[in-house]
Amino acid sequence: MTNSDQLFARALQLIPGGVNSPVRAFRSVGGAPFFVKSARGATLTTADDRELIDFVCTWGPAIHGHNHPRIKAAIAAALEHGTSFGTPNPYEVEMAELITRFVPSIQKVRMTNSGTEATMSAIRLARGFTRRDKIIKFSGCYHGHSDSLLIKAGSGALTHGHPDSAGIPAAFAQETVVLPYNNCAAVDAAFLANIGQIACVIVEPYCGNIGFIMPDAGYLQHLRTVTAQHGALLIFDEVMTGFRLHKAGVQGLLAEEAGYHHAPVLKFQSTLPDLTCLGKIIGGGLPVGAFGGRADIMDCLAPLGPVYQAGTLSGNPLAMAAGIAALKLLDEEDPYARLDTLGRKLRNALLAAAKAKGLPLQVPQRGAMLSAFFTPNPVRDCDTALAGDAKLFAKFFHACLAKGVYLPPSAYESWFLSTAHEGAAIDRACEVMTEAIGSL
Ligand code: KE4
């Protein structure tokens with residue numbers, strides 16, 4: 001038995017499925033997960049000393065690669081003074097100043113300990129602010145595992161065939177209206193069928209939990225228009241896309257596409273959400289989440305207003321120090337064009353290999369996010385993603401892993417690139433993926 005096998009056997013005795021998060025379980029691709037003992041740059045080192053080029057990047061946070069010296073040093077410096085105080089600390093203020101500077105639509109922000117807490121709290125805030133109960137989400141989008149949002153969810157819920165989790169009372173589920181992504185008519189109809197009842201629309205502006213799926217041109221602008229028309233809030237769940245696709249997340253991309261660079265907030269109002277949820281990168285690899293937006297909405301939160309939200313370790317100094325270092329590195333390096341070049345390189349290698357093999361393949365890609373669907377048709381929502389050949393993806397996944405490249409162990413997850421993938425790692429990965437497709 002390998003060290004990973006021994007560790008997994010022990011884990012299976014005490015941890016459900018042997019994992020602390022279902023997507024890690026390899027259940028949809030087959031086989032058993034390996035255990036990692038260390039990570040650096042683009043590389044994971046397993047418990048059996050195998051080195052793997054990593055395209056999971058701990059599901060998004062590691063945009064600078066694993067164990068970046070600047071982030072490591074920031075954590076060590078903070079650690080000198082303690083791990084958690086339960087009082088306000090200077091790091092929280094600096095984090096709030098960075099987030100509000102990077103993301104113009106965020107006038108005020110509240111830290112949490114996970115993306116799930118961030119979206120759960122944003123939903124509660126939207127309901128409290130509008131005094132309405134219903135919410136709209138989109139099939140396949142994943143916003144963490146709170147009851148109102150674990151309905152037709154993506155990521156692990158979709159991967160393991162439970163997009164509607166057990167344990168959620170029907171009374172909760174009926175307040176969540178689920179619509180197809182990239183379908184303006186469906187949103188219009190839902191608002192007309194629920195006049196005055198919709199508190200908010202929550203959307204992954206670029207989907208990362210059905211695989212990577214991009215919005216049709218004008219779709220996000222339509223969500224902004226229709227929510228404003230009906231007095232509902234628009235929430236961008238940028239837990240995954242925030243600071244990954246642009247320093248201002250998808251809303252930054254939209255502003256640039258509209259011709260506004262470094263414009264004041266009012267100029268690109270047409271796509272600004274009322275609230276934004278964040279996570280992953282802003283913790284530099286430590287537990288974190290955040291939600292923020294219009295000050296008049298955020299001021300409804302306790303202790304100022306009637307919407308309660310809290311967290312023992314919210315804004316804890318270690319996660320804040322790590323996240324501040326990660327955001328400052330993004331500010332200094334502005335790596336987004338470089339990351340897009342890496343993503344295009346990988347996309348082109350995959351498409352060329354599939355063409356040579358005569359295999360239908362879609363590879364949606366933007367910046368450091370991409371995924372591969374074995375299907376002849378463009379993937380633009382949950383149904384077209386599910387039409388892909390997941391069994392063939394599983395074969396591809398294992399062919400890559402056998403050659404030292406680790407992809408997300410599910411056809412319904414985005415892949416992630418980091419600045420550490422530049423050079424040898426991306427070149428080797430292109431070779432491996434080309435060989436893997438050739439072997440299918
Ligand atoms: P966490 O509670 O896992 O920190 O964040 C939930 C969440 C919210 N919103 C979006 C858009 C997300 O992608 C996530 C979490 N992403 C998954 C990866 N698909 C986390 C991996 C896991 O569940 O282990």
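Order of appearance sets the numbers: ligands from 1, and atoms from 1 within every ligand.
For ligand 1, the protein residues placed under 4.0 Å by at least one non-hydrogen atom are Ser21, Val23, Trp59, Ser114, Gly115, Thr116, Tyr142, His143, Gly144, Ser155, Glu204, Asn209, Asp237, Val239, Met240, Lys280, Glu413.
With sequence neighbours excluded, no residue satisfies side chain to side chain donor-acceptor pair (under 3.5 Å) with Asn183.
Pairs of residues two or more places apart, or lying in two chains, that qualify as ring pair (Phe, Tyr, Trp, His ring centres under 6.0 Å) and include a residue from residues 86-125 are Phe102-Phe243.
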I'd like a table of donor-acceptor pairs (distance under 3.5 Å, sequence neighbours excluded) in which one partner is a side-chain atom from residues 320-328, with atom names and distances.
from: Lys328; atom 1: NZ; to: Glu94; atom 2: OE2; distance (Å): 2.6

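Under the 4.0 Å criterion applied to side-chain N and carboxylate O atoms, Arg366 and Glu257 are assigned as salt-bridge partners. Checked for salt-bridge contact, Lys108 and Asp296 miss the test: no charged N lies under 4.0 Å from a carboxylate O. Here Lys247 pairs with Asp331 in a salt bridge; the nearest charged N to carboxylate O distance falls below 4.0 Å.
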